[in-house]
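I have placed the structure first, in the form of structure tokens, so that the comments after it can refer back to it.
In what follows, chains carry the letters A, B, and so on, assigned in the order in which the sequence lines appear, proteins first and then strands, with residues in each chain numbered from 1. Because the structure is predicted, anything quoted here is derived from the model rather than measured.
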Amino acid sequence: MAATGNKDIAAVLQEYADLLAITGGDAFKARAYERAARAVGGHPAELAGLGAKALTDIPGVGKSIAGKVAEYLRTGTVTEIDELRERIPAGVRELTRVPALGPRKALLLHDELGISSVDELAEAIEGQRLRGLKGFGPKTEEKLLHGIGLLKASGERAPLDTATELAERITAALAGVEGCERCAYAGSLRRMRETVGDIDVLAAAQDSGPLMEAFVALPVTAEVIARGTTKTSIRTTDGIQVDLRVVAPDSWGAAMQYFTGSREHNIRTREIARRRGLKLSEYSLSRVKSGRRVAAEREEDVYEHLGLPWIPPVLREDRGEIEAARDGELPELVTEGDLRGDLHTHTDLTDGLGTLEEMARAAADRGFTYYAVTDHAPDLRMQRMTKAKILAQREQVRALDGTLGKRRGGLRLLHGTELNIDPDGEVDWPADFLAGFDLCVASVHSHFDLPRAAMTRRLVKAAGNPHVHVIGHPTARMLGKRGGIDADWDEVFEACAHSRTALEINAQPHRLDLPDELILRARRHGVLFSIDSDAHSVPDLAQLRYGVGTARRGWVTKAEVINTWTLTRLRAFLRRG
DNA sequence: GCCGTTTTCGGCCCGACTGTTTTCAGTCG
């Protein structure tokens, strides 16, 4: 099992920040912890193993926080945080996860009405117990109910990155257990759905005993829900359910096929089996009459005996993949290795954590050919961007261009910006200034509630702007927090196809935007895509894999993704050539 | 609590929006 990761430490610091904000003490102290949490989460090196000096060298981490980090790494807990936890029920902090409900109102609800969970809040609203409470009017009630709905819809599900990283840690640990021949995760996680209800881990072994033993003894195991010889379920310290199924090695392929799903896909494959006089189960593909096994050990063989090529798990949703497979028309899906660069990233000039050089160096280390820096433009006031600042950055970008990486010619840097699309579809800066950028991403960051027609006009106008090359995180959704904006997407996609404006597939795990369903729709209009990390720190660059997964779920091929193109071709596209 | 420095305390991203209020607090990006 890996040691305590930076994300774990960041989570603890963030929790402390939240608790401080709820108790209503020094707001700047809470902010300091929040800042430290962000810095720790985005720090390129593992904190476990760093000395005291190296800890305080992290921006935002001083003596006090470094002490708490050290204590946490040593003991797995922090005394002061434990004390605060006792004073504030966990449910109160949970309340602040409801959109439109912050620390002040959460505390008021707790102190005045004794509310300490999201469910209790819902009941209190239904029972009209919020009426008359200072600061809570009818509109607020409505907003809170809406927020609770959003939270419930995905609140029980883990984000893709959390689940993936957890599953990788678990499979790595179990693979080392005596007698374990294979270990992998299946289920919706293998299909790379945007959120995951639970994690299905599969292992192949003759004897399941040692694996089950090791599984319940994992450090992440908080509770054993069920324990048997073929299946054991646990709940992790994060509250995620993980099922381990141990199968005989000669059933590996059938089990992987069965437990990867989706249910709809499996209904179709079992139908095909039946028509061929076969029976498909988690143990094997066998003849109905004789019971003789025809395939089981390899997933590829299962599909082959159904008359199909192996189907990538990301496609197994019964969205046409069976027909495409049968007709030999499965798409050749884009892979992470196809990406030659990243076209939407930030630095510490705005809200990123890494310096330009740190980010570019990390990009070079990833083997990219090119890399665009796209810090925020002035319309997002909080970023305090100016022409002078971005022009100074351009100088730095030009100076660094071609100097990094082992590749011949070095990493090529593009100087871009992420513009803000205002309610009328206008963006920051006049056209002649925009013409000076190599690349412009334009995104919606506010006014999420425009009526559909106005929202559609807004996006169509931005797509038609000759200086806008990519529409960033087009729906502006935040998983579990905010549904996407409402627009006539077919009209938007048509406009993008016409102006050759790429739609972003933003890889941030809480965005994954465009979502796969809209990618499928967009492809019918022949639009181009850009798969971007939207990285705000060096570790964020690794999140590209989730964007690629989402693109693949949308059947996207290499040719449709502008950042798989050569630099020459990309430049021609950016010049509108 | 951190940081920078005008070395030992004062400032800390800033503005918009919303729903509530009757002059503003809370939330958000």
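To the nearest 0.5 Å, atom CD1 of residue A:I485 and atom CD1 of residue A:I421 are 8.0 Å apart. Taken from CZ in A:F573 to CG in A:N563, the straight-line distance is 10.5 Å, to the nearest 0.5 Å.
One interatomic measurement links the two molecules: CZ of A:F28 to P of B:dC9, which rounds to 18 Å at whole-angstrom precision. Going from atom NE2 of A:H445 over to atom C1' of B:dC17 covers 17 Å, rounded to whole Å. The CG atom of A:L101 sits 15 Å away from the P atom of B:dG19 (whole-angstrom rounding). Between A:F448 atom CZ and B:dT27 atom C1' the separation is 13 Å, expressed in whole Å. Note: NE2 (A:H146) to C1' (B:dT18) measures 15 Å, nearest angstrom. Protein atom CD of A:E418 is 12 Å distant from nucleotide atom C1' of B:dG29, rounded to whole Å. Between the CG atom of A:L20 and the P atom of B:dG1 there is a distance of 8 Å, given to the nearest Å. Rounded to a whole Å, the CD1 atom of A:I58 is 10 Å from the P atom of B:dC3.
Between B:dG26 and B:dT20, the distance separating the two C1' atoms is 10 Å to the nearest Å. Rounded to whole Å, the C1' atom of B:dT8 lies 15 Å from the corresponding atom of B:dG1. Taking the P atoms as reference points, B:dC28 lies 26 Å from B:dT23, given to the whole Å. For the P atoms, the distance from B:dC12 to B:dT6 is 16 Å, rounded to whole Å. One P atom belongs to B:dT18, the other to B:dC13, and the distance between them is 25 Å to the nearest Å.
In this structure, A:K134 reaches neither bases nor backbone, as no heavy-atom distance under 4.0 Å exists between it and the strands shown. A:S64 comes within 4.0 angstrom of the backbone, heavy atoms only, and of no base. In this structure, A:D351 reaches neither bases nor backbone, as no heavy-atom distance under 4.0 Å exists between it and the strands shown.
Taking 4.0 Å as the cut-off between side-chain N and carboxylate O, A:E194 and A:R157 do not count as a salt-bridged pair. Between A:R361 and A:D365 there is no salt bridge, since no side-chain nitrogen of the basic residue lies less than 4.0 Å from a carboxylate oxygen of the acidic one.
At least one side-chain nitrogen or oxygen of A:T140 sits closer than 4.0 Å to the OP1 or OP2 atom of B:dT20. Phosphate contact (OP1/OP2 of B:dC28, side-chain N/O of A:R482, threshold under 4.0 Å): absent.
With a 6.0 Å cutoff to the six-membered ring centre and a 45° limit on the axis angle, A:R340 does not count as a cation-pi contact of A:Y371.
Looking at the side chain of A:A32, the nearest of the listed nucleotides B:dG1, B:dT18, B:dC12 is B:dG1. Closest to the side chain of A:P103, out of B:dT20, B:dT27, B:dG29, is B:dT27. Counting only heavy atoms from C-beta on, A:R104 has its side chain closest to B:dG26 among B:dC17, B:dG26, B:dG29. When the nucleotides B:dT20, B:dG1, B:dC17 are ranked by their closest atom to the side chain of A:K139, B:dT20 comes out on top. Residue A:K143 places its side chain closer to B:dG19 than to any other of B:dG19, B:dG1, B:dC17.
Position along DNA chain B of the nearest nucleotide to A:A100 versus A:R384 favours A:R384 as the more 5'-ward residue. Comparing A:R31 and A:T96 by the nucleotide of DNA chain B whose heavy atom lies nearest to each, the residue mapping closer to the 5' end is A:R31.
A donor-acceptor contact shorter than 3.5 Å links the side chain of A:H536 to the backbone of A:D534.
With a glycosidic angle more than 90° from 0, B:dT18 adopts the anti conformation.
Relative orientation of the A:H376 and A:H445 rings is perpendicular, given thresholds of 30° and 60° on the angle between their planes.
With a cut-off of 3.5 Å on both pairing distances, the Watson-Crick or G-U wobble partner of B:dC2 is B:dG11.
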